[in-house]
Structures are given as C-alpha cells and as structure tokens.
Engineer: 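Here it is: the structure, laid out below.
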Amino acid sequence: MSDVAKEAWRKYLIQLQVNPLRTKALTSGVIAGLGDALAQKISGIKKLQLRRLLLFSLFGFAYGGPFGHYLHKLMSVIFKGKNDSKTVAKMVLFEQLTSSPLNNLLFMLYYGLVIEGIPWVFVKDKIKKDFTSVQVAAWKVGPVVAWVNNQFVPLQLRVIFQCFVGLCWTIFLNLKARSAVIKDS
C-alpha cells in the first residue's frame, strides 16, 4: 500500500474513533452514491443523473450509515460483544429477521416515492409484487455476509464492510427497480 493510502486509512480510522456516527454516515453516503453511479452505467444510462445520485447519497448518509451504526452498537449490547459461533449465529438470525426486511422495504419505498417520484398507489403495488423476491434474494447472500461481518470484522468497521457489500446490493436493487420502471413504461 502506498504511503498516501496508508496515511489516508490511518486518518480515517482516527475519525472512526473520534466521530464514529458522522464518519459512518459520510462513508455510507459516498458509497451509496458510487453504487448508484455504477448502476446507472451498467443499466445503460448515457448521461449520469446527478439528482438521482445525490438522492442515493442522501439515503446512505441519512439512513444507511446511522442505522448500521446503531444496529451494531445495539447488537454488541444484546450479545455482549461475544463472537463465538453460537452467538454469531444468533446475531445473523437477528439481523436477517429484523434489519434485512426493514432495509429492503425502506429502500423500495424511497426508490419509488423519492427517486422515481412514483405515486404511492403504484409504489405500494410494486412492493406487494416484488418485496418477497427481493427479500428471498437478500436471504441468499445476507446470512453469509452477516456471518463474516460479525465473526471477523472489528465492530468499528462493520458498517463500512456492509457499505461495500451494500454497493453491490444497491446495484442489484437499482437494476431490478429500473427494469420494472422500463417494463411498466
């Protein structure tokens, strides 16, 4: 790793200690925006839609980072900071049954109502139609990600780890939502 990258990482870790919530919120916002930019590019959008990118960044900043920060703090209290296999399995189950469905539902609501500006009645129908398949897809990868995160990643880096995994998930959800909008047009 170059000296510049090492120094940037060192400063980032200091910010995680000094301002953990702010640092995680900013990190989540930047990574959410990057995920949307990549999704736009992959889905064939020729000119980057800046408004959409900023709205994704806002979602990451205002919801993703803070939610992850408090979720992992709560889980460290509930599960007393243990990381033995039995405890990690309980943490994974807790995450998959609570935050995974909540995060996917809120994302679908936000995407439809805020990003796409679709009326509530259509967003509600879209959620009824697609939520189960989105959640089942999440449960195919989420438990493995949650296991790795809770077993091997230090507490202060768990939100960042989830952000990078979330970047891929954001691309998946973006493409799924985008394809539905194109089909319905």
Engineer: Holding to side chain to side chain contact (heavy atoms under 4.5 Å, CB included), I want the full list of residues that pass it with R51, two or more places apart in sequence or in another chain.
Structural biologist: L55
Engineer: Look at the side chain of N19 and the backbone N and O of R22, then say whether any donor-acceptor pair between them is shorter than 3.5 Å.
Structural biologist: no
Engineer: From F94 CZ over to T87 OG1, what is the distance, rounded to the nearest 0.5 angstrom?
Structural biologist: 14.0 Å
Engineer: Search all heavy atoms of A146 against all heavy atoms of Q96 and return the closest pair with its distance.
Structural biologist: CB-NE2, 3.9 Å
Engineer: Other hydrophobic cluster members with L26, side-chain heavy atoms of Ile/Leu/Val/Met/Phe/Trp/Tyr under 4.5 Å, chained?
Structural biologist: F61
Engineer: Going hydrophobic residue to hydrophobic residue with side-chain gaps under 4.5 angstrom, can you get from V136 over to M108?
Structural biologist: no
Engineer: Using the rule that Ile, Leu, Val, Met, Phe, Trp and Tyr join whenever any side-chain heavy atoms are under 4.5 Å apart, tell me whether L50 and Y111 fall into a single cluster.
Structural biologist: no
Engineer: Are I127 and L106 connected, step by step, through hydrophobic side chains (Ile, Leu, Val, Met, Phe, Trp, Tyr) whose heavy atoms are closer than 4.5 Å?
Structural biologist: yes
Engineer: Could you list who else is in V18's hydrophobic cluster, with ILVMFWY side chains joined at under 4.5 Å, directly or through other members?
Structural biologist: I14
Engineer: Atom CG in D36, atom CD1 in I115: separation rounded to 0.5 Å?
Structural biologist: 6.5 Å
Engineer: I'd like to check the side chain to side chain contact (heavy atoms under 4.5 Å, CB included) partners of S57; sequence neighbours left out, ordered by chain and number.
Structural biologist: L53
Engineer: Just wondering, do D3 and E7 contact through their side chains at under 4.5 Å, heavy atoms?
Structural biologist: no
Engineer: What's the shortest heavy-atom distance between L71 and S99, and which atoms?
Structural biologist: CD2-OG, 3.6 Å
Engineer: So, do H72 and Q162 sit near enough that their side-chain heavy atoms are less than 4.5 Å apart?
Structural biologist: yes
Engineer: Give the table of side-chain donor-acceptor pairs shorter than 3.5 Å for residues 27-34, with sequence neighbours excluded, one pair per line with atom names and distance.
Structural biologist:
from: T27; atom 1: OG1; to: Y12; atom 2: OH; distance (Å): 2.5
from: T27; atom 1: OG1; to: T23; atom 2: O; distance (Å): 2.7
from: S28; atom 1: OG; to: G60; atom 2: O; distance (Å): 2.9
from: S28; atom 1: OG; to: G65; atom 2: N; distance (Å): 3.2

Engineer: When you look at F107 and F131, which way does the ring pair (Phe, Tyr, Trp, His ring centres under 6.0 Å) test go after all the steps?
Structural biologist: CA-CA 10 Å; F107 178 85; F131 180 77; over 10 Å; no
Engineer: Report, one line per pair, each donor and acceptor closer than 3.5 Å where one atom sits in a side chain of residues 151-159; sequence neighbours left out.
Structural biologist:
from: Q151; atom 1: NE2; to: N83; atom 2: O; distance (Å): 3.0
from: R158; atom 1: NE; to: N149; atom 2: O; distance (Å): 3.2
from: R158; atom 1: NE; to: V153; atom 2: O; distance (Å): 2.9
from: R158; atom 1: NH2; to: N150; atom 2: O; distance (Å): 3.2
from: R158; atom 1: NH2; to: V153; atom 2: O; distance (Å): 3.3

Engineer: Is there a continuous path of hydrophobic side-chain contacts, each under 4.5 Å between heavy atoms, that joins M75 to L93?
Structural biologist: no
Engineer: Can E116 and Y110 be said to form a side-chain contact (heavy atoms from CB on, under 4.5 Å), step by step?
Structural biologist: CA-CA 9 Å; E116 292 292 330; Y110 185 81; over 6 Å; no
Engineer: What's the spacing between Q40 CD and L48 CG if we round to 0.5 Å?
Structural biologist: 4.5 Å
Engineer: If we only count heavy atoms from C-beta on, is the I78 to K90 side-chain gap below 4.5 Å?
Structural biologist: no
Engineer: Hey, could you give me the NE2/CD1 distance between H69 and I160, rounded to the nearest 0.5 Å?
Structural biologist: 10.5 Å
Engineer: State which residues pass side chain to side chain contact (heavy atoms under 4.5 Å, CB included) with K128; sequence neighbours excluded, sorted by chain then number.
Structural biologist: K124
Engineer: Please tell me whether L105 and L58 are part of a single hydrophobic cluster in this structure, the criterion being side-chain heavy atoms less than 4.5 Å apart.
Structural biologist: yes
Engineer: So for atom CZ, which belongs to F164, do other residues, nucleotides or ligands contribute more than 12 heavy atoms lying within a distance under 6.0 Å?
Structural biologist: no
Engineer: Is there a side-chain contact between F161 and V148 (heavy atoms, below 4.5 Å)?
Structural biologist: yes
Engineer: In Å and rounded to the nearest 0.5 Å, what is the OG to CE distance from S76 to M91?
Structural biologist: 7.5 Å
Engineer: Y63: what forms a ring pair (Phe, Tyr, Trp, His ring centres under 6.0 Å) with it, not counting sequence neighbours?
Structural biologist: F59, F67
Engineer: For residues 135-148, which residue pairs pass the side chain to side chain donor-acceptor pair (under 3.5 Å) check, not counting sequence neighbours?
Structural biologist: S100-Q135, N104-Q135
Engineer: Could you list the cluster mates of L21? Members are the ILVMFWY residues connected by side-chain heavy atoms closer than 4.5 Å, either directly or through other members.
Structural biologist: Y70
Engineer: List the residues meeting side chain to side chain contact (heavy atoms under 4.5 Å, CB included) with A137, not counting sequence neighbours, and say none if there are none.
Structural biologist: W169, F172
